[in-house]
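Structure first, then comments.
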Amino acid sequence: MTEVWVLGGTGRSGRAIATALRQRGIEPVLVGRDAERLKAAAGGLRTVVAGSVAETATAIRRDRPAVVVNTIGPFLETAAPILAACLPSSHYLDLANDLAAVGALLGRDAELTAAGRTAVTGAGFGVTATESVVVKLCEGRPTPHRVRVDMVPSLASEAGLVGDALAGTIVEGIPGVPGGSRFQSRRYHAGRLAPAPLGGDPMRLVLPDGSAVTTAGMPLGELMAAQRASGAADVLAASSEAPSSPTARALFPVATTLLNIGPLRALARRRLASVRTKPHPKPREHSWGHAVIDWPDGTSREGWLRVGDAQTWTATVPAEVVRRLLASEGKPGAWTPAALFGPTLAESCGGEYQLG
């Protein structure tokens, strides 16, 4: 079948991706748990009601859509069963940007290649924006020895509950990722994943528009994407969303010690999921992906990718990737977006490079 299924079709990301797909002439199928909410969100699109990840997987095996877009987090928990249901019939895409989920999916490259199917992880703002700058700066150049990437999103937030997906991503840490503990950050050192402090390596960045932000290290999927794109031995990923104050960095060890206790972690996840957030406007007009790359010969280059609202771009990128997969422009295996389609993908989604 040539159908495209959007899992989590009633959520903000699912609705936005469905809209972006329709703008490209693709009529997706919305999948979710609540029939009434699906009907309201669908606007005449076909819907599939599935009350759990297991039911969703069963429906995928039954109907075998051409592409499955997974917006349901935590992706470390949902990606594996959904991808298993996709093979050997369907391509797969998700929005993961935590290191554990991105690494787990990229580790299934051989299985996907053997099946002749494509899986794309990190198809949202953070991974795609930063990786694209790295790929662009490295074009025609030898392997660098050091890379730092920074994501600086700008998006308006809606009022509502944090929800279990985001709470789980925050509270569960990065279990199973080599090079450190569950609640440590990571960096690449001498070509291997190594421990790094949460909120470490803070840097004040002056953006091309003249505004300034502070970014700090986090265990993001951007880290693995940047290392794979560049081949650099030393890589750091940072975000303007990371708590970077001395007070926050001092509290991290205490908080993470408590979260290592399973029952306390489960309680924290439930409590955080029930927190109600307030709406906030966009902090700035544009979102930015940033990279600084150093080569062994002493050469250093800096680059930026400017996009608009990060949430909107997190819908545009998956829609464009789906369009290309349906047009047989992909390759079998496990990929991040710019590794598969190159730096022009970002430009086709409205991004603009500013290179030094």
Side-chain angles (χ1 to χ4, degrees), residues 74-76 79-80 96-113 119-122 126-135 137-138 141-151 169 172-203 215-239 242 244 249 252-253 256-257 259-260 289-303 333-340:
F75 294 103
L76 187 60
N97 83 326
D98 63 285
L99 186 58
V102 170
L105 190 135
L106 292 176
R108 300 183 68 174
D109 180 71
E111 179 184 1
L112 283 150
T113 300
V120 180
T121 188
V127 172
T128 309
T130 55
E131 177 195 33
S132 294
V133 180
V134 173
V135 173
L137 289 174
C138 288
R141 298 280 302 172
T143 301
H145 74 93
R146 184 167 53 244
V147 173
R148 175 177 175 134
V149 294
D150 304 270
M151 75 151 178
T169 300
E172 297 297 333
I174 51 171
V177 176
S181 72
R182 179 179 195 141
F183 294 108
Q184 285 180 302
S185 190
R186 297 289 194 280
R187 65 186 308 156
Y188 279 93
H189 177 68
R192 294 180 177 272
L193 284 168
L198 289 168
D201 297 281
M203 176 184 289
T215 65
M218 291 288 285
L220 302 169
E222 288 88 307
L223 177 70
M224 189 167 289
Q227 198 283 325
R228 288 164 61 96
S230 66
D234 292 287
V235 183
L236 175 71
S239 169
S244 58
R249 294 201 302 272
F252 276 140
T256 56
T257 297
L259 288 175
N260 273 303
H290 174 251
V292 176
I293 303 182
D294 299 319
W295 280 267
D297 65 1
T299 303
S300 181
R301 294 191 68 192
E302 180 179 22
W335 303 87
T336 45
L340 179 58

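Model, not experiment: these values are computed from the prediction.
- Within a 6.0 Å radius of NE2 in H145, more than 12 heavy atoms belonging to other residues, nucleotides or ligands are found.
- Between S239 and T215 there is no side-chain heavy-atom pair separated by less than 4.5 Å.
- Within 6.0 Å of the CZ atom in R192, the count of heavy atoms belonging to other residues, nucleotides or ligands does not exceed 12.
- Residues in residues 289-300 take part in these salt bridge (charged side-chain N to carboxylate O under 4.0 Å, His left out) pairs, two or more places apart or across chains: R146-D294.
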Steps toward side chain to side chain donor-acceptor pair (under 3.5 Å) verdict (R148, T130): CA-CA 9 Å; R148 175 177 175 134; T130 55; over 6 Å; no
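- Of all heavy-atom pairs between A129 and G289, the closest is CB-CA, 4.1 Å.
- A donor atom on one side chain and an acceptor atom on the other are not found under 3.5 Å apart for T121 and R108.
- Under a 3.5 Å cut-off, the side chain of D109 and the backbone N or O of A334 do form a donor-acceptor pair.
- Contact between A100 and V177 at its shortest, heavy atoms only, is CA-CG2, 3.5 Å.
- Put simply, the residue from V102, N97, V235 that forms a side chain to side chain contact (heavy atoms under 4.5 Å, CB included) with E222 is N97.
- Among all heavy-atom pairs drawn from P337 and T128, the shortest one is CG-OG1, 3.4 Å.
- Between the side chain of R301 and the main chain of T299, no donor-acceptor pair closer than 3.5 Å is present.
- The shortest distance between side-chain heavy atoms of P142 and W295 falls below 4.5 Å.
- For the residue pair S230 and P144, the shortest heavy atom distance occurs at O-CD, 3.3 Å.
- Using a 4.5 Å heavy-atom cutoff, the side chains of P219 and L198 are in contact.
- Residues V147 and Q227 have side chains not in contact (no heavy-atom distance under 4.5 Å, counting atoms from C-beta outward).
- Using a 4.5 Å heavy-atom threshold, the side chains of V149 and V134 count as touching.
- One finds the CD1 atom of I174 at 8.5 Å from the CG atom of D98 (value rounded to the nearest 0.5 Å).
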Worked check of side chain to side chain contact (heavy atoms under 4.5 Å, CB included) between M224 and L106: CA-CA 9 Å; M224 189 167 289; L106 292 176; 3.9 Å; yes
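- A donor-acceptor pair under 3.5 Å links the side-chain atoms of E131 to the main chain of A339, judged by distance alone.
- Closest non-hydrogen pair, V127 versus G122, comes out as CB-O, 3.3 Å.
- Nearest approach of C138 to I293, heavy atoms of both residues: SG-CD1, 3.8 Å.
- For the side chain to side chain donor-acceptor pair (under 3.5 Å) test, residues two or more places apart in sequence or in another chain that qualify with R187 are D201.
- Annotation: salt bridge (charged side-chain N to carboxylate O under 4.0 Å, His left out) contacts involving residues 173-183, sequence neighbours excluded, comprise E172-R182.
- For the pair L99 and R186, the minimum side-chain heavy-atom distance is below 4.5 Å.
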